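First the structure, in the form of C-alpha cells, and then the observations on it.
Just so it is clear, the model here is predicted, and its values are computed rather than measured. By convention here, the first residue in the shown sequence is residue 1.
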Amino acid sequence: QVQLVEYGGGLVQAGGSLRLSCVASGRTFSSYGMGWFRQAPGKNREFVAGISRSGGYREYVDSVKGRFNISRDNAKNTVYLQMNSLKLEDTAVYYCAAKVNPDNNYVLGKYDYWGQGTQVTVSS
C-alpha cells in the first residue's frame, strides 16, 4: 500500500512559478512510474506530466510543454512538478499518481495510487 501526499499548491499570479512536490511512502518508490494530473472545476481530470522510474523518460501534455518540468528524487521518495509561466487555465487541483508496474503509457495507462490533491490557483 502506497500513500502519496502533495505539497506546494497555492495562489500565484499569471506568469509566476510554483513547485509542487509529491512524497510517497514505502521502500519501492524507485520502481514506480509517476504522473501528475489536474482537474479544473466542472472538467474531467487530465494528464499533465509523467516520468519513468529513473527519470529518463518524461512526457507532457502539449499545453504545458516548455513551461512545466517533472522530475524525481528517488532517494527522497519524491516527484516534483515545476510550473513556470503559469496561465489562468492552469488553475486546478493537481494530483500525483503512481504506477506500480509501469506500462509506458503515462497519459492513459492505469495508475494504482493517487494523492489527495493540492489546489493551484492562478490569478491575473
Side-chain angles (χ1 to χ4, degrees):
Q1 189 66 227
V2 177
Q3 301 285 338
L4 304 174
V5 181
E6 299 97 336
Y7 301 95
L11 176 65
V12 63
Q13 291 189 351
S17 297
L18 205 61
R19 190 191 197 197
L20 305 183
S21 301
C22 173
V23 181
S25 66
R27 303 169 68 89
T28 56
F29 176 76
S30 62
S31 70
Y32 305 155
M34 298 295 296
W36 284 98
F37 292 75
R38 66 187 180 186
Q39 187 168 24
K43 298 190 176 179
N44 295 131
R45 184 174 298 183
E46 69 168 344
F47 169 81
V48 177
I51 188 168
S52 62
R53 289 171 289 181
S54 64
Y57 176 81
R58 303 176 187 186
E59 185 174 359
Y60 303 89
V61 65
D62 286 345
S63 61
V64 309
K65 287 181 179 177
R67 300 190 298 118
F68 289 12
N69 182 58
I70 186 171
S71 62
R72 66 191 296 162
D73 186 341
N74 288 341
K76 298 183 182 297
N77 273 26
T78 302
V79 62
Y80 304 95
L81 185 67
Q82 177 66 48
M83 304 183 293
N84 301 312
S85 301
L86 282 161
K87 303 176 179 179
L88 293 179
E89 55 262 40
D90 295 319
T91 295
V93 176
Y94 283 71
Y95 301 87
C96 68
K99 290 176 175 281
V100 173
N101 185 22
D103 56 9
N104 295 317
N105 186 350
Y106 293 93
V107 178
L108 299 176
K110 179 184 176 182
Y111 286 81
D112 300 284
Y113 300 100
W114 293 81
Q116 83 287 353
T118 186
Q119 176 71 47
V120 173
T121 302
V122 183
S123 67
S124 60

>> Testing the basics here: between Gly33 and Pro102, what is the closest heavy-atom pair and its distance to 0.1 Å?
In response: N-CG, 3.3 Å
> Would a distance-only check, ignoring hydrogens and angles, find a side-chain to backbone donor-acceptor pair under 3.5 Å from Arg19 to Met83?
Replying inline: no
> Between the side chain of Glu6 and the main-chain N/O of Gly117, is any donor-acceptor distance below 3.5 Å?
Replying inline: yes
> Of all heavy-atom pairs between Phe37 and Val107, which one has the smallest distance, and what is that distance?
Replying inline: CE2-O, 4.0 Å
> Quick one: NZ on Lys65 to OG on Ser63, what's the gap to the nearest 0.5 Å?
Replying inline: 9.5 Å
>> Show, in sequence, the C-alpha distance, side-chain angles and deciding distance for Thr118 and Val93, and conclude whether the side chain to side chain contact (heavy atoms under 4.5 Å, CB included) test is met.
In response: CA-CA 5 Å; Thr118 186; Val93 176; 6.0 Å; no
>> Let me confirm one number: the OH-SG distance from Tyr32 to Cys96, rounded to the nearest 0.5 Å.
In response: 12.5 Å
> Between Thr78 and Asp73, does any side-chain donor sit less than 3.5 Å from a side-chain acceptor?
Replying inline: no
>> Centre-to-centre under 6.0 Å for Phe68 and Trp36, is that the case here?
In response: no
> side chain to side chain contact (heavy atoms under 4.5 Å, CB included) between Arg72 and Phe29: does it pass, once the steps are laid out?
Replying inline: CA-CA 10 Å; Arg72 66 191 296 162; Phe29 176 76; 3.3 Å; yes
> Say you draw a straight line from CE of Met34 to OG of Ser52; how long is it, rounded to the nearest 0.5 Å?
Replying inline: 12.0 Å
> What pair of heavy atoms forms the shortest contact from Ala24 to Val2, and how long is it?
Replying inline: CB-CG1, 4.4 Å
>> Whether the Glu46 and Asn44 side chains hold a donor-acceptor pair (N or O, under 3.5 Å, no angle test) is what I'd like checked.
In response: no
>> Please give me the minimum heavy-atom distance between Val79 and Ile51, naming the atom from each residue.
In response: CG2-CG2, 4.1 Å
>> Counting C-beta onward and ignoring hydrogens, is there a side-chain heavy-atom pair between Leu11 and Ser123 closer than 4.5 Å?
In response: yes
>> As an exercise, state the distance from NZ of Lys76 to OG of Ser21, rounded to the nearest 0.5 Å.
In response: 10.5 Å
> Who are the side chain to side chain donor-acceptor pair (under 3.5 Å) partners of Tyr60, not counting sequence neighbours?
Replying inline: Asn69
> Which side chain to side chain donor-acceptor pair (under 3.5 Å) pairs, counting each pair once, include a residue from residues 91-104, with sequence neighbours left out?
Replying inline: Arg38-Tyr94, Lys99-Asp103
> Any link between Tyr111 and Tyr80 through a network of hydrophobic side chains (Ile, Leu, Val, Met, Phe, Trp, Tyr) touching at under 4.5 Å?
Replying inline: no
>> Looking at every heavy atom in both Ser25 and Gln1, which two are closest together, and how far apart are they?
In response: OG-O, 4.1 Å
> Which value, rounded to the nearest 0.5 Å, describes the distance between Asn84 atom CG and Lys87 atom NZ?
Replying inline: 12.0 Å
>> For the backbone of Leu108 and the side chain of Asn105, can you confirm whether one donor and one acceptor N or O come within less than 3.5 Å of each other?
In response: yes
> To the nearest 0.5 Å, how far apart are OG in Ser30 and CZ in Arg53?
Replying inline: 9.0 Å
> Does Leu20 share a hydrophobic cluster with Tyr113, counting links as ILVMFWY side-chain heavy atoms below 4.5 Å and allowing steps through other members?
Replying inline: yes
> Would you say Ser17 and Val12 make side-chain contact, with heavy atoms under 4.5 Å?
Replying inline: no
> Okay, side chain of Arg67, backbone of Ser85: is any donor-acceptor separation there less than 3.5 Å?
Replying inline: yes
>> Membership question, hydrophobic clusters at under 4.5 Å side-chain separation (ILVMFWY): are Leu18 and Val61 in the same one?
In response: yes
>> Show the nearest heavy-atom pair for residues Ala97 and Leu4, with the distance to one decimal.
In response: CA-CD1, 3.8 Å
